[in-house]
Number of protein chains: 2
Amino acid sequence: MNKVHKTIKLFGGRLTKIKKAIIEILLEDCCLLTKQKLVQRLKIKNIKPNRSTIFRELSFLTKSNLIIKNTITGIDYYEIPKDHHHHLVCLGCNSINKVEFGNYLKKQEKQIAKQNKFKIINHSLEFYGYCHKCQA
Amino acid sequence: MNKVHKTIKLFGGRLTKIKKAIIEILLEDCCLLTKQKLVQRLKIKNIKPNRSTIFRELSFLTKSNLIIKNTITGIDYYEIPKDHHHHLVCLGCNSINKVEFGNYLKKQEKQIAKQNKFKIINHSLEFYGYCHKCQA
DNA sequence: ATATTTGCAAACGTTTTGCATAGTG
DNA sequence: CACTATGCAAAACGTTTGCAAATAT
């Protein structure tokens, strides 16, 4: 949480109760958190911020690369870069599941970074298709 | 375009002037088309549909898997599954560039499909980071 | 003490909806 | 002919903004 604080300061922000709570929630359950779910989780912690505050905090944390926003089938999901993984997205029922992949793309990343003079911070990989139930 | 027509019928739709034009535009310039750009391209073809028609057509074509909607840094991009490729997304200037990758993920796809009883239709892979100019 | 954060209410833009008419198969 | 697609206007929705008060450093 010290590194987080540093990054926040670097981007001209302050480590408020809400920022801290959002980071904590994402660290606990790091994957596929929607705005709705986030609000629920905050409520449990007795934090009930205004709508605009949520927007502002998520925007700040995303811009400072502390969290990642990933829009899948039109819905915004937030995650924290930890336990890196990918997603299986069902086009039938819109369910999303994690897939572990190892660090299979590490080699490719280095190559691509070099070839394009591009500093890669992270990546996202989604497989779209139909889950077992929806293959009917 | 015959296969397209078939798919459209399968999903209870009709091959209208607008559907045809959207598919054609995406086939010509298959990558990263925004709604705005699409409207521009249609105008050149002397097709000036109502806003709601655009929404409805894009929604229909996406649901029938004829085109793909990919939201990157908050902006919706439409593509057609052709000349498969991936993206380098700059978090500094929001520029997006193609990366060719070979069919490197084919093996993985098959394995993942088998392990999860999941029928993969396509995938999207984005590398986020900073382009040469924005690394300052 | 100074600058950021917050809640509130209003403004804004995008997307969706209902309906009558036009167009497709 | 039956059914889908379209344009229009209104409604609904999510997001952004300006400001004064509260809070963090």
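Basis for what follows: all heavy atoms, side chains included, without hydrogens, waters or symmetry-related copies. Order of the sequence lines sets the chain letters (A, B, ...), proteins ahead of strands, with each chain counted from 1. Please read all numbers here as calculations on a predicted model, not as lab measurements.
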(request) Quickly work out the B:Lys48 NZ to D:dC8 P distance and round it to whole Å. (result) 13 Å

(request) Just report the end-to-end axis angle for the helix from C:dA1-D:dT25 to C:dG25-D:dC1, five pairs per end, to 10 degrees. (result) 60°

(request) Would you please test B:Glu79 and B:Asn70 for side chain to side chain contact (heavy atoms under 4.5 Å, CB included) and show each step? (result) CA-CA 8 Å; B:Glu79 3 185 338; B:Asn70 196 357; 4.1 Å; yes

(message) Without decimals, in angstroms, what is the distance between B:Phe60 CZ and C:dT16 C1'?
(response) 18 Å

(request) For the side chain of A:Phe55, starting at C-beta, report the closest nucleotide among C:dG25, C:dT14, D:dT16. (result) D:dT16

(request) Would you tell me whether B:His123 and A:His87 have side-chain atoms, one donor and one acceptor, within less than 3.5 Å of each other? (result) no

(request) Could you tell me the separation between the CD atom of B:Gln36 and the C1' atom of C:dG13, rounded to a whole number of Å? (result) 12 Å

(message) Below 4.0 angstrom, which residues in residues 8-19 of chain B have at least one non-hydrogen atom near DNA chain D?
(response) B:Gly12, B:Gly13, B:Arg14, B:Thr16, B:Ile18, B:Lys19

(message) side chain to side chain donor-acceptor pair (under 3.5 Å), that's the test. Do B:Asn65 and A:Tyr130 meet it? Break it down for me.
(response) CA-CA 12 Å; B:Asn65 296 324; A:Tyr130 293 94; 2.7 Å; yes

(request) Would you verify whether the NZ or CZ of A:Lys35 falls within 45 degrees of the ring axis of A:Tyr78 while also being under 6.0 Å from that six-membered ring's centre? (result) no

(message) Tell me whether the NZ or CZ atom of A:Lys19 lies within the 45° cone about the ring axis of A:Phe60 and under 6.0 Å from its centre.
(response) yes

(message) Could you tell me how far apart A:His5 (NE2) and C:dT5 (C1') are, to the nearest whole angstrom?
(response) 14 Å

(message) Between P on D:dA5 and NZ on B:Lys20, what's the gap in Å once rounded to a whole number?
(response) 16 Å

(request) Consider the side chain of A:Arg56, meaning its heavy atoms from C-beta on, and name the nucleotide among C:dT17, C:dT15, C:dG7 that approaches it most closely. (result) C:dG7

(request) Please lay out, stage by stage, how B:Thr16 and B:Glu57 fare under the test side chain to side chain contact (heavy atoms under 4.5 Å, CB included). (result) CA-CA 10 Å; B:Thr16 59; B:Glu57 290 296 22; 3.4 Å; yes

(request) Would you check, one step at a time, whether the test side chain to side chain contact (heavy atoms under 4.5 Å, CB included) holds for B:Leu27 with B:Ile23? (result) CA-CA 6 Å; B:Leu27 281 170; B:Ile23 300 278; 3.9 Å; yes

(request) Report yes if a side-chain nitrogen or oxygen of A:Thr53 is closer than 4.0 Å to either non-bridging phosphate oxygen (OP1 or OP2) of C:dG7; otherwise report no. (result) yes

(request) Would you check, one step at a time, whether the test salt bridge (charged side-chain N to carboxylate O under 4.0 Å, His left out) holds for A:Glu24 with A:Lys45? (result) CA-CA 11 Å; A:Glu24 277 168 7; A:Lys45 286 179 184 263; 3.3 Å; yes

(message) I'd like to know if B:Arg51 reaches the base of C:dG13 with its side chain such that a donor and an acceptor end up less than 3.5 angstrom apart.
(response) no

(request) Would you mind telling me which residue lines up with the more 5' stretch of DNA chain C, A:Asn50 or B:Lys35, judged by nearest nucleotide? (result) A:Asn50

(request) Could you please name the option among C:dT5, D:dG14, C:dC8 that lies closest to any side-chain atom of A:Glu57? (result) C:dT5

(message) For residues A:Ile68 and A:Leu58: do they belong to one hydrophobic cluster (side chain heavy atoms under 4.5 Å, members Ile, Leu, Val, Met, Phe, Trp, Tyr)?
(response) no

(request) Nearest whole angstrom, please: distance from the P of D:dA5 to the CD1 of B:Ile22. (result) 12 Å

